[in-house]
Number of protein chains: 2
Amino acid sequence: MNDRISPEPPATLAELMRRGNVFAEQCPSREVLKHVTSRWGVLLLVALRDGTQRFSDLRRKVGGISEKMLAQTLQWLEADGFVARIAHPVVPPHVEYSLTLLGEELAQKVEALADWIEFKLPEIMAARASRENPAD
Amino acid sequence: MNDRISPEPPATLAELMRRGNVFAEQCPSREVLKHVTSRWGVLLLVALRDGTQRFSDLRRKVGGISEKMLAQTLQWLEADGFVARIAHPVVPPHVEYSLTLLGEELAQKVEALADWIEFKLPEIMAARASRENPAD
DNA sequence: CGGTATCCTGTTTGATACTG
DNA sequence: CAGTATCAAACAGGATACCG
């Protein structure tokens with residue numbers, strides 16, 4: 001990423017990283033945030049709260065996701081320590097995905113956000129309708 | 001958005017009732033989720049928790065954002081009813097942005113998520129380091 | 001000051017085909 | 001079944017210029 005120095009440098013880079021200041025674009029949490037808030041990251045984390053599931057289960061559950069993005073997003077989440085992957089060495093392959101303890105904590109917060117949006121959808125749609133929704 | 005209605009293998013009814021229909025491709029929640037979890041949506045919502053601010057204030061506070069994306073993201077959030085925009089008819093223009101009640105609720109949840117990630121960053125980075133840092 | 005219009009680029013995503 | 005490889009399309013985002 002071609003992150004540039006943020007115009008608000010009251011602290012050193014090291015200090016910003018240590019404090020985890022998300023406004024600093026050098027902060028690694030931006031990367032994690034990117035995985036989590038990616039188009040499929042949110043949906044996958046919520047989906048996995050239902051318990052251990054296979055690749056094809058997830059593909060079926062999360063509408064519209066391609067194999068490629070499912071694999072890639074799962075790999076991101078696995079690398080970040082949110083998802084555990086267990087491949088049983090059988091033919092045909094049998095791979096199971098589940099949330100780690102860390103992932104479960106995260107998924108709870110993500111789901112709280114998603115649920116809130118769904119719950120408030122009537123208000124949100126009303127807000128949109130009340131103004132001539134200009135551009136998407 | 002061009003979310004098309006596609007022949008989606010639907011989740012069970014019980015599934016949809018239990019957790020809402022965000023898994024359905026055509027669910028409007030996805031649209032809102034996209035605005036909220038967009039690269040600048042998260043940052044802007046958190047930034048606006050500091051209170052009413054002008055366009056240029058926000059541009060300065062959120063490092064690296066372009067005028068275009070600031071304007072566009074603010075318009076999304078305004079259309080969704082999260083942000084209030086007040087333009088004072090003076091020359092030169094004076095426009096103020098603030099969170100609505102709805103937006104304040106949302107911003108709290110978004111900030112909780114971002115804070116959690118920052119707080120858990122050491123664990124996350126440890127998970128990443130423990131494996132051959134794959135891609136991205 | 002607070003935008004919009006235009007053009008342009010890199011990234012993300014999807015369709016399809018293929019493999020262990 | 002659970003992916004990977006490849007290619008093409010769509011989109012987010014940035015730079016610049018201009019306007020009320």
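Residue numbers begin at 1 in each chain, while the letters A, B, ... track the order of the sequences. Note that the structure is a prediction, hence the values are computed from the model and not measured.
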Which of these nucleotides, [options], is closest to any side-chain atom of [X]?
{"X": "A/Val95", "options": "D/dG3, D/dC1, C/dT13", "result": "D/dG3"}
{"X": "B/Ser56", "options": "D/dC1, C/dT13, C/dG2", "result": "C/dG2"}
{"X": "A/Arg85", "options": "D/dA2, D/dG13, C/dG14", "result": "D/dA2"}
{"X": "B/Phe55", "options": "C/dG2, C/dC1, C/dG14", "result": "C/dG2"}
{"X": "A/Glu67", "options": "D/dG3, C/dG3, D/dG20", "result": "D/dG3"}

Please tell me if [X] has a side-chain N or O lying less than 4.0 Å from either OP1 or OP2 of [N].
{"X": "A/Tyr97", "N": "D/dC1", "answer": "no"}
{"X": "A/Arg59", "N": "D/dA2", "answer": "no"}
{"X": "B/Gln75", "N": "C/dT4", "answer": "yes"}

>> Between A/Glu96 and A/Arg85 (salt bridge meaning N to carboxylate O under 4.0 Å), is one present in this structure?
In response: no

>> Strictly below 4.0 Å, N to O, side chains only: are B/Glu123 and B/Lys120 in salt-bridge contact?
In response: yes

> Mind checking whether B/Leu74 and B/Leu44 have side chains closer than 4.5 Å, heavy atoms only?
Replying inline: yes

>> So, using side chain to side chain contact (heavy atoms under 4.5 Å, CB included) as the criterion, who are the partners of A/Thr100 when residues are at least two apart?
In response: A/Ala84, A/Leu102

N/O contacts under 3.5 Å, protein versus nucleotides 8-11 of chain C?
none

> Between D/dG13 atom P and B/His35 atom NE2, what is the distance in whole Å?
Replying inline: 11 Å

> Can you tell me how far P of D/dA5 sits from CE of A/Met69, to the nearest Å?
Replying inline: 15 Å

